[in-house]
2 protein chains.
Amino acid sequence: MNEIELSALKQILPEITDPFLLEEMVKHGGVYYFEQGKTITEPGQFVKMVPIVLDGAIKILRMDEEGRELFLYYLEPGETCALSLTCCSASKPSEIKAVAEEHTKILGIPVQLHELWADKFKQWKDFVSSTYQRRFQELLVALDAVAFKKMDERLMRYIVTKMKQLKANELHTTHQEIANELSTSREVISRLLKQLEKKKWIELGRNVIYVRDDFEELMG
Amino acid sequence: MNEIELSALKQILPEITDPFLLEEMVKHGGVYYFEQGKTITEPGQFVKMVPIVLDGAIKILRMDEEGRELFLYYLEPGETCALSLTCCSASKPSEIKAVAEEHTKILGIPVQLHELWADKFKQWKDFVSSTYQRRFQELLVALDAVAFKKMDERLMRYIVTKMKQLKANELHTTHQEIANELSTSREVISRLLKQLEKKKWIELGRNVIYVRDDFEELMG
DNA sequence: TCTTCTTTGTGACTATTGTTACAAAGGCCT
DNA sequence: AGGCCTTTGTAACAATAGTCACAAAGAAGA
């Protein structure tokens with residue numbers, strides 16, 4: 001566990017300027033690295049720290065009792081997970097699965113400090129509050145998708161989200177993995193992807209999907 | 001707009017004991033009444049205050065562009081809505097619909113005060129924080145239902161939730177209304193209810209569903 | 001009672017999604 | 001090249017949910 005440099009922290013969290021808070025974060029926050037694809041938290045595990053993404057990205061998935069999963073949202077640099085905040089505070093086990101989407105660097109803040117800082121530092125309170133807001137919105141987006149959209153549209157939105165996260169127009173993944181994250185079967189995804197290919201909106205290869213630049217406009 | 005009595009407020013929010021905070025709430029909070037079935041907030045409207053339920057109950061529904069709706073959760077006395085907190089803070093229009101489920105009494109806290117109190121009163125901060133936590137959990141429950149459950153199970157869970165809210169084992173509602181809140185069609189609900197009746201788990205009448213006492217155990 | 005409106009029941013049909021089963025193609029290793 | 005494993009393609013079929021059409025029952029009022 002290394003320390004983070006003050007300058008790096010300032011750059012990633014520009015909204016935090018309070019030198020006392022920054023000092024505390026550098027002093028007590030531990031830096032952790034996770035390789036791509038590595039599971040960071042699984043349902044049932046207890047959350048011992050609030051993870052702030054420094055570099056890379058984390059994929060947050062909801063899981064049910066049968067082990068099915070559902071993609072919720074990404075955590076990008078400077079962001080943290082509202083669920084970790086609620087789980088810590090209530091000292092309840094995690095309700096979700098978190099996976100490193102790329103090679104990811106994290107600043108872990110011990111749970112007890114989160115509580116303390118919320119009383120002491122206005123900027124930390126604001127950070128937590130804006131996290132809750134952002135995650136709430138994203139949870140509603142995820143809810144809208146499963147409640148109101150059909151699988152073809154959900155798949156297209158998934159592709160767009162993933163492209164934006166990767167800042168690329170090719171996805172290196174398998175149909176099976178997409179199916180898992182949308183909580184459906186591989187055959188359904190293969191079928192729908194084939195339809196998109198027929199419409200010339202994407203091209204399919206083994207372990208790769210090439211997406212047309214104007215894909216998002218096409219979906220409307 | 002009336003004032004609320006201090007004693008009533010203390011009873012509904014036992015976790016708030018700070019006399020200064022209580023005084024502020026009595027002084028600046030407005031009391032509002034909504035008849036059963038009355039819409040309190042609709043999507044697109046701006047939220048001008050944080051509503052704390054004093055008496056009755058509020059039903060929170062998510063809506064999509066086409067006007068379809070989805071039941072999320074109830075607000076019971078002493079509770080408030082996380083979405084109103086996020087909407088206010090971001091001064092964005094409401095993303096949800098709120099309907100008085102019974103004759104309901106509300107204490108409305110002006111938005112600006114919420115921000116102010118969060119800095120000033122630890123108990124208000126804790127109240128907001130625990131609201132976020134509770135609503136987050138409930139949103140996840142709603143998400144689980146649409147993502148992982150079939151309509152028959154969603155219907156049964158809906159019946160149980162409604163029964164608990166009403167503290168009764170008969171529901172006075174129409175198939176159409178249930179269908180709306182589960183975002184499906186009336187025929188589907190009529191069909192599934194008929195199956196439950198055949199299994200002798202419920203009895204159907206016009207505008208009423210009688211539910212067996214051991215309904216929840218039967219569903220498993 | 002007769003009319004009218006709302007609510008419920010149901011059959012038939014369509015659409016979407018999920019499942020089973022198997023073939024074929026692409027990589028990788030020896 | 002030959003063998004092995006992963007991934008993708010696809011047909012056929014089942015299950016679930018959504019839609020349409022219309023009948024029948026119940027409630028309310030004239």
Side-chain angles (χ1 to χ4, degrees), chain A residues 36-37 64-71 143-159 162 170-211 219, chain B residues 37 64-71 144-159 162 170-211 219:
Chain A
Q36 185 187 56
D64 81 342
E65 321 80 53
E66 265 103 308
R68 284 174 295 200
E69 39 185 54
L70 180 75
F71 170 77
L143 191 79
D144 285 346
V146 281
F148 303 127
K149 307 296 181 190
K150 280 187 295 183
M151 197 52 83
D152 55 352
E153 191 172 344
R154 287 178 58 200
L155 175 59
M156 291 190 288
R157 286 165 179 273
Y158 177 88
I159 290 172
K162 200 118 188 174
E170 33 180 289
L171 309 184
H172 296 268
T173 180
T174 65
H175 300 182
Q176 185 63 64
E177 199 187 323
I178 299 176
N180 292 342
E181 302 198 359
L182 291 176
S183 197
T184 181
S185 66
R186 197 268 313 164
E187 290 86 339
V188 172
I189 295 301
S190 292
R191 211 149 52 192
L192 294 172
L193 284 174
K194 211 64 196 166
Q195 288 175 21
L196 291 178
E197 194 181 37
K198 276 198 191 115
K199 287 201 270 182
K200 311 262 180 211
W201 291 12
I202 61 174
E203 259 184 89
L204 298 174
R206 188 186 168 87
N207 289 315
V208 63
I209 301 171
Y210 303 98
V211 186
M219 335 176 0
Chain B
D64 82 341
E65 321 81 51
E66 265 103 308
R68 285 173 295 199
E69 38 185 54
L70 179 76
F71 170 78
D144 284 346
V146 282
F148 302 126
K149 308 296 180 190
K150 282 186 294 182
M151 197 52 83
D152 56 352
E153 191 172 345
R154 287 178 58 200
L155 174 59
M156 292 190 288
R157 285 165 179 275
Y158 177 87
I159 290 172
K162 201 119 186 171
E170 35 181 286
L171 309 184
H172 295 269
T173 180
T174 65
H175 299 183
Q176 184 63 65
E177 200 186 323
I178 299 176
N180 291 342
E181 302 198 357
L182 291 177
S183 197
T184 180
S185 67
R186 197 268 312 162
E187 291 88 334
V188 171
I189 295 300
S190 293
R191 214 150 49 192
L192 294 173
L193 284 173
K194 210 67 196 166
Q195 288 176 20
L196 290 177
E197 194 181 39
K198 276 200 189 113
K199 286 200 271 183
K200 310 260 181 217
W201 291 12
I202 61 174
E203 260 184 272
L204 299 173
R206 188 187 168 84
N207 290 316
V208 63
I209 300 171
Y210 303 99
V211 185
M219 340 179 350

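All heavy atoms count here, side chains included; hydrogens, waters and symmetry mates do not. Residue numbers start from 1 in every chain, and the chains themselves are labelled A, B, ... in the order their sequence lines are given, proteins ahead of strands.
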Student: How would you list, by chain and number, every residue that makes a ring-ring contact (aromatic ring centres under 6.0 Å, His included) with A:F148, sequence neighbours excluded?
Tutor: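 Expected list: none.
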Student: How does protein reach along nucleotides 10-24 of chain C, written 5' to 3' as B (base within reach of a heavy atom under 4.0 Å), S (only sugar-phosphate), or - (no contact)?
Tutor: B-B---SBBBBB---
Student: Kindly give the atom pairs (protein nitrogen or oxygen, nucleotide nitrogen or oxygen) under 3.5 Å for nucleotides 2-4 of chain C.
Tutor:
none

Student: What is the distance from CD of B:E153 to P of D:dA17, rounded to the nearest Å?
Tutor: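 It works out to 11 Å between those atoms.
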Student: Tell me, please, which residues at least two apart from A:E170 pass side chain to side chain contact (heavy atoms under 4.5 Å, CB included).
Tutor: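 Partners of A:E170 under the side chain to side chain contact (heavy atoms under 4.5 Å, CB included) test: A:H172, A:V208, A:Y210.
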Student: Is there a donor-acceptor pair under 3.5 Å between the side chain of B:R154 and the backbone N or O of B:L182?
Tutor: yes
Student: Where is the tightest heavy-atom contact between A:M151 and A:L192, given as atom of each residue plus distance?
Tutor: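 Closest pair (atom of A:M151, atom of A:L192, distance): CG-CD1, 3.6 Å.
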Student: Excluding sequence neighbours, so at least two apart, what forms side chain to side chain contact (heavy atoms under 4.5 Å, CB included) with A:K199?
Tutor: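 Counting only residues at least two positions away or on another chain, A:K199 forms a side chain to side chain contact (heavy atoms under 4.5 Å, CB included) with A:L196, A:W201.
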Student: Each nucleotide N or O in nucleotides 24-27 of chain D that has a protein N or O under 3.5 Å away: list the pair and distance.
Tutor:
unit_1, atom_1, unit_2, atom_2, d
D:dG26, N2, B:R206, NH2, 3.4

Student: Name all residues meeting the side chain to side chain contact (heavy atoms under 4.5 Å, CB included) criterion together with A:E66; count only those two or more places apart in sequence or in a different chain, and write none if there are none.
Tutor: A:D64, A:R68
Student: Please identify each residue that fulfils side chain to side chain donor-acceptor pair (under 3.5 Å) with B:K150, with sequence neighbours left out.
Tutor: none
Student: Are the side chains of B:T174 and B:N207 in contact, using a 4.5 Å heavy-atom criterion?
Tutor: yes
Student: May I ask you to test the A:E197-A:K194 pair for a side-chain heavy-atom distance under 4.5 Å?
Tutor: yes
Student: Using a strict heavy-atom distance below 4.0 Å, which residues from residues 172-180 of chain A are in contact with DNA chain D?
Tutor: A:T174, A:H175
Student: Which pairs with one or both residues in residues 181-190 of chain B pass side chain to side chain donor-acceptor pair (under 3.5 Å), sequence neighbours excluded?
Tutor: B:K59-B:E181, B:Y158-B:E181, B:H175-B:S190, B:R186-B:S190
Student: Please identify each residue that fulfils side chain to side chain donor-acceptor pair (under 3.5 Å) with B:D152, with sequence neighbours left out.
Tutor: none
Student: Run the side chain to side chain donor-acceptor pair (under 3.5 Å) test against A:R206 and tell me which residues pass, sequence neighbours left out.
Tutor: none
Student: Would you check, one step at a time, whether the test side-chain contact (heavy atoms from CB on, under 4.5 Å) holds for A:I178 with A:L171?
Tutor: CA-CA 11 Å; A:I178 299 176; A:L171 309 184; 5.5 Å; no
Student: Between atom CD in A:Q195 and atom P in D:dT10, what is the gap in whole Å?
Tutor: 11 Å
Student: A:L193 has an atom CG; how far is it from atom P of D:dT10, in whole Å?
Tutor: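 Atom CG in A:L193 sits about 12 Å away from atom P in D:dT10.
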